[in-house]
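Since this is a predicted model, take the numbers as computed values, not measurements. FYI, side chains are in, hydrogens and waters are out, and symmetry mates aren't considered; it's all heavy atoms of this structure. All ligand and atom numbering here is 1-based and tracks the order in the structure.
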Amino acid sequence: MADPALHIVVAERFSPEALDRLRAVGRVTTLDSCDEADLREAVVDCDALLVRTYAHVTRDVIACATKLKVIGRGGVGLDNIDVVAASEHGVTVVHTPAAATGAVAELTIALMLGLLRDIPAHDAAIRSGDYKQARANAMAHELSEMTLGIIGMGRIGQAVARRCHIGLGMSVIYNDIVSPPSLDFTATPVEKEALYRRADVVSLHVPLTDLTRCLIDSEALAQFKADALLINTSRGQVVDSSALANRLHHGAMGGAALDVLDEEPPSADHPLLTAPHVIFTPHIGAKTPASQARMNNVVDDVIRVLQGAKPMSAANVNR
Ligand code: NAD
């Protein structure tokens, strides 16, 4: 039986089934907008807040929510939630860390191959009648001849590396700030500078933090191989877009494939929109039914916290 005194605010899109599970325990309000002013107003009397990628649960938002017990993030990254402020206010943050691992790994490999074999350009060339010219100019290395450099050897980094090494025959080097547990495939840890110098493909799988914001800046890019490919399925802000556009305009690297941007959607004058050898996808790494279902399951952890039970995937330890 739902408790009408229990107020649950849902700020981004969750499945009807997930909303029904929430409605079975409390009164649910769904928001049309997740900008910060709307969030501050909506959370004043709420017990639980559910978000996805674009609602920013700042310290101010948390301070407005005096009854708040739990924030549920459907997804992995916590860069849109001030977890420190949540902990200080005794608010539990739950998320779905492994929900999108396989889906993002597959998109990463699709982007790698799409960029390497220039698939979007060939498709466009055929449609515009340039078939022979496109075929005459086409030439690419095979992945099995190439070295993959993974930055961030966590869940997704390992899933990409495992598939690329075992399935596609790539050599793998990686950099992480912590040592991963023993790997079931061959990969060599290296310093970032060595990875930039040695990798044919650099693939980013770090969370967005103070340490990783603009990690790939002009200084890092200057160390890349002249034909290196950069794949970013992590967060757009990990790359300095202007510096990357500049390198690409100067033909100083092979290309970039980006599922994420520092501005989503990008404004018409975003520097990467006019840069050569870039392919984009609109932040679709987790867009598979299985992955979405796992993300929606965050509602069950929210309900556990509301009912005083221990959550499965808490991102903080409360005081
Ligand atoms: P994870 O926590 O398992 O792995 C991240 C790894 O990065 C960790 O091993 C961590 O130690 C490492 N790391 C952190 N800072 C680093 C630094 N400065 N240098 C080197 N390594 C560093 O996370 P995950 O599940 O693999 O997800 C990674 C990121 O992918 C998420 O944080 C999220 O931003 C992004 N993501 C994107 C999509 C999408 O739709 N494109 C979907 C899911 C996740």
Ligand 1 atoms in contact with Asp259 (distance to a heavy atom under 4.0 Å): 39 (C), 40 (O), 41 (N)
Over-ring placement of Arg52 relative to Phe14, 6.0 Å and 45° cut-offs: yes
Best match, Val160, Thr108, Ile177: closest heavy atom to atom 16 (C) of ligand 1: Ile177
Protein residue, atom and distance nearest to atom 4 (O) of ligand 1, heavy-atom basis: Gly154 CA, 3.2 Å
Intermediate values then yes/no, side chain to side chain donor-acceptor pair (under 3.5 Å), Thr58 and Asp82: CA-CA 5 Å; Thr58 60; Asp82 190 332; over 6 Å; no
Whether over 12 other heavy atoms sit under 6.0 Å from Glu263 CD: yes
Numbered atoms of ligand 1 (with element) below 4.0 Å of Val104, judged on heavy atoms: 38 (C), 42 (C), 43 (C)
Protein contact to atom 37 (C) of ligand 1 [nearest heavy atom, distance to 0.1 Å]: Thr233 O, 3.1 Å
Nearest neighbour in protein (non-hydrogen) for atom 9 (O) of ligand 1: Asp176 OD2, 2.6 Å
Note, Val9 side chain near Leu50 side chain (heavy atom, < 4.5 Å): no
Atom CD of Glu36: over 12 foreign heavy atoms under 6.0 Å: yes
Nearest-contact summary for atom 26 (O) of ligand 1 - protein heavy atom, Å: Ile156 N, 2.8 Å
Distance (rounded to the nearest 0.5 Å) between Gln292 CD and Thr96 OG1: 9.5 Å
Atom CZ of Arg13 with >12 non-hydrogen neighbours under 6.0 angstrom: no
Identity and distance of the protein heavy atom lying nearest atom 31 (C) of ligand 1: Val76 CG1, 4.1 Å
Crowding at NE2, His249 (>12 non-hydrogen neighbours, <6.0 Å): yes
Interfacing atoms of ligand 1 (cut-off 4.0 Å, heavy-atom, Val178): 11 (O)
Element-labelled atoms of ligand 1 that are located less than 4.0 Å from some non-hydrogen atom of Val206: 7 (O), 13 (N), 16 (C), 20 (C), 21 (N), 22 (C), 29 (C)
CA sep, side-chain torsions, deciding dist, call: Thr108, Thr233, side chain to side chain donor-acceptor pair (under 3.5 Å): CA-CA 6 Å; Thr108 303; Thr233 57; 3.1 Å; yes
Side chain, backbone, both or neither: Lys287 near ligand 1, heavy atoms under 4.0 Å: neither
Residues Asp200 and Lys225 bridged, charged N to O under 4.0 Å: yes
Closest protein heavy atom (residue, atom, distance) for atom 32 (O) of ligand 1: Pro207 CA, 3.3 Å
Option set Gln237, His205, Arg155, criterion heavy-atom distance to atom 5 (C) of ligand 1, minimum: His205
Nearest-neighbour protein heavy atom for atom 19 (N) of ligand 1, which is reported as residue plus atom name and distance: Lys192 NZ, 2.9 Å
Close approach of Asn175 to ligand 1, heavy atoms, under 4.0 angstrom: yes
Test log, rule side chain to side chain donor-acceptor pair (under 3.5 Å), inputs Tyr54 and Glu264: CA-CA 9 Å; Tyr54 296 111; Glu264 294 177 0; 2.6 Å; yes
Nearest-option assignment for atom 33 (C) of ligand 1, heavy atoms, candidates Met295, Arg235, His283: Arg235
Sub-4.0 Å atoms of ligand 1 with respect to non-hydrogen atoms of Ala286: 40 (O)
Where ligand 1 meets Thr212 - atom numbers and elements under 4.0 angstrom, heavy-atom basis: 15 (N), 16 (C), 17 (C), 18 (N)
Gln223, CD atom: more than 12 neighbouring heavy atoms under 6.0 Å: yes
Residue, atom name and distance, where the atom is the protein heavy atom closest to atom 35 (C) of ligand 1: Ser234 O, 3.6 Å
